[in-house]
K.L.:
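Below you'll find the structure I mean.
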Protein chains: 2
Amino acid sequence: MTSSLPPLELESFLPYRLNVLAETVSQSLAGVYRRRYGITVPEWRLIATLGQFGTVTAKGIGHHSRMHKTKVSRAAATLEARALIRREPNSQDMRESFLALTEDGRAIYETLAPQARDFAQALVAGFSSSERAALDGLLERLMLRAQELTNEMAE
Amino acid sequence: MTSSLPPLELESFLPYRLNVLAETVSQSLAGVYRRRYGITVPEWRLIATLGQFGTVTAKGIGHHSRMHKTKVSRAAATLEARALIRREPNSQDMRESFLALTEDGRAIYETLAPQARDFAQALVAGFSSSERAALDGLLERLMLRAQELTNEMAE
DNA sequence: GCAAACTGGTTACAATTGCAAGGATACCCG
DNA sequence: CGGGTATCCTTGCAATTGTAACCAGTTTGC
C-alpha cells in the first residue's frame, strides 16, 4: 500500500496552470508596452484605467486594477515625471488627488489600447463564439469561487 | 468620431483577468503552505515536483515547473537546510546533482498534496464534469496560443 | 471644539526576484 | 589530446515589490 505516488500532478493542477498561463500571457504582452514606450505592467494598468475612466484617484485605481497602493503610488510618480499623467487636487479632500492622462498619455493609450485588444483577440482567435462565451463564464465563476475560498480560509 | 473612450475595458480584458484570477488563487493556496509549514510557493513547487517524480535535477525541476534557475537554486538551498530534500551527486556528470525528498520532506508532501488537491477540487466544485472538461481544453488551447504569440513576437 | 481614530498617499526598509557574471565540469573537433 | 565552447549551478548586484511606519488631512464622539 505505501508507495503512494503520485498524489498530485503538477501539469494538471489548476492553480499551477493558471499561474503559468497568466505569466506567459503577461510576459508576452508586456513586451509590447516595454519595447515601444518603456512602460512597465503596473504603469500600463494605470494608463489603461485612466484611459477607460478619465479621472480617478490613486485609491480608485488600486481598487479597480487590484494593485497595492505603493505600486500605484510609484507608477503614478514615474508617469507624472514622464508627463503622461497629471494630478489635480481634490478641493473636497486634500489628502487625495485626481489623476488623469495628459495629451501625451492619452496618445500612448490610444496607440497601445488597440494593440492590447488585438493581442487579446489573437489569444482566442481559434475559438468559436460559443467557446469564447464559455471561457468567459468559466473564468467568471472561477474568480467568484476563488474569492469565496479566500474568505473562508481567512476566518 | 473622435471622442474615443473606451477602447479597452480592463474588467473584460483576458490577460488582465487571467492575472487577477491566477494571483487570487495563488495567494489563497499559498496561505495553506505558509501557515502550516512556512513554505513559499517556489519551495512548494519543488516539493511537488520531487514528490511526483522522485528524483530530478535542478534543471529538470526548473524546466518542468517553469521556474527561473536561480529561483530553483535558492529554493533548493532553503529546503536542503531544512532537511526536506537531499542532494546526491550524479557520477555521470558532476556539474549537476539529483534532488530528492527526505523522509521529512515526503511527510510534508503527503500532507500538503491532498490539501492542494482538495483546494483545486473546491475551485471547480460547482462545475459539471463537462464544464470541467471544457475548462481543461480551453486553458490548454490558450496556453498553446500564448506560446505561439510569444514566439511570433520574439522574431 | 478638540482629542482620538481613521484614511489617502508617500517613503524607508527588508524580502524576493531576475540578470549577468563566474566556477566547475562536460563536450566537441581539429 | 587540448583549447574553445557549451552546460549546470551558484552568487553578486540591481530592480521590483510588499510591510510597516509615517505625514497630512478628515471624520468621529464626547
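Naming: A, B, ... by sequence-line order, numbering from 1 per chain.
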K.L.:
What residues, two or more places apart in sequence or in another chain, satisfy salt bridge (charged side-chain N to carboxylate O under 4.0 Å, His left out) together with B/E23?
P.N.:
none
K.L.:
To the closest 0.5 Å, what do you measure between CG (A/N19) and OG (A/S26)?
P.N.:
11.0 Å
K.L.:
For A/S128, check side-chain contact (heavy atoms from CB on, under 4.5 Å) against everything at least two apart and list the hits.
P.N.:
A/S130, A/E131
K.L.:
What is the separation between atom CG on B/L99 and atom C1' on D/dC8, rounded to the nearest whole Å?
P.N.:
12 Å
K.L.:
Between P on D/dT17 and NZ on A/K71, what's the gap in Å once rounded to a whole number?
P.N.:
5 Å
K.L.:
Which residue pairs satisfy the salt bridge (charged side-chain N to carboxylate O under 4.0 Å, His left out) criterion with at least one member in residues 39-56 of chain A, sequence neighbours excluded?
P.N.:
none
K.L.:
Under the ring pair (Phe, Tyr, Trp, His ring centres under 6.0 Å) rule, collect the residues that match up with B/Y33, sequence neighbours excluded.
P.N.:
B/W44
K.L.:
Under the side-chain contact (heavy atoms from CB on, under 4.5 Å) test, which residues partner B/E11, sequence neighbours left out?
P.N.:
A/Q52, A/F53, A/H64, B/E9
K.L.:
Enumerate the residues from residues 74-85 of chain B whose closest heavy atom to DNA chain C is under 4.0 Å, giving them by residue number; use none for an empty result.
P.N.:
B/R74
K.L.:
Grab the CG-C1' distance between A/N90 and D/dA24 for me, whole Å please.
P.N.:
14 Å
K.L.:
Restricting to pairs with a member in residues 70-80 of chain A, which pass salt bridge (charged side-chain N to carboxylate O under 4.0 Å, His left out), not counting sequence neighbours?
P.N.:
A/E80-A/R87
K.L.:
Please list, pair by pair, any protein nitrogen or oxygen found under 3.5 Å from a nitrogen or oxygen in nucleotides 4-8 of chain C.
P.N.:
| residue | atom | partner | partner atom | Å |
| --- | --- | --- | --- | --- |
| C/dT7 | O4' | A/R95 | NH1 | 3.2 |
| C/dT7 | O2 | A/R95 | NH1 | 2.8 |
| C/dG8 | OP2 | A/K59 | NZ | 3.0 |

K.L.:
Would you call A/D104 and A/R82 a salt bridge, taking side-chain N to carboxylate O under 4.0 Å as the test?
P.N.:
no
K.L.:
With sequence neighbours left out, what residues match B/A120 under side-chain contact (heavy atoms from CB on, under 4.5 Å)?
P.N.:
A/F13, A/P15
K.L.:
Between B/H68 and C/dC19, is there a side-chain N or O to OP1/OP2 distance below 4.0 Å?
P.N.:
yes
K.L.:
Kindly state which residues belonging to residues 16-30 of chain B come within less than 4.0 angstrom of DNA chain C, counting heavy atoms of the residue only, listed by number.
P.N.:
none
K.L.:
Identify, with sequence neighbours excluded, every residue that meets side-chain contact (heavy atoms from CB on, under 4.5 Å) alongside A/Q147.
P.N.:
A/R66, A/M143, A/L144, B/T24
K.L.:
Name all residues meeting the side-chain hydrogen bond (donor to acceptor under 3.5 Å, both in side chains) criterion together with A/D93; count only those two or more places apart in sequence or in a different chain, and write none if there are none.
P.N.:
A/R95
K.L.:
Is there a side-chain polar atom (N or O) of A/S73 under 4.0 Å from OP1 or OP2 of C/dT10?
P.N.:
yes
K.L.:
What is the separation between atom CD on B/Q92 and atom P on D/dC8, rounded to the nearest whole Å?
P.N.:
15 Å
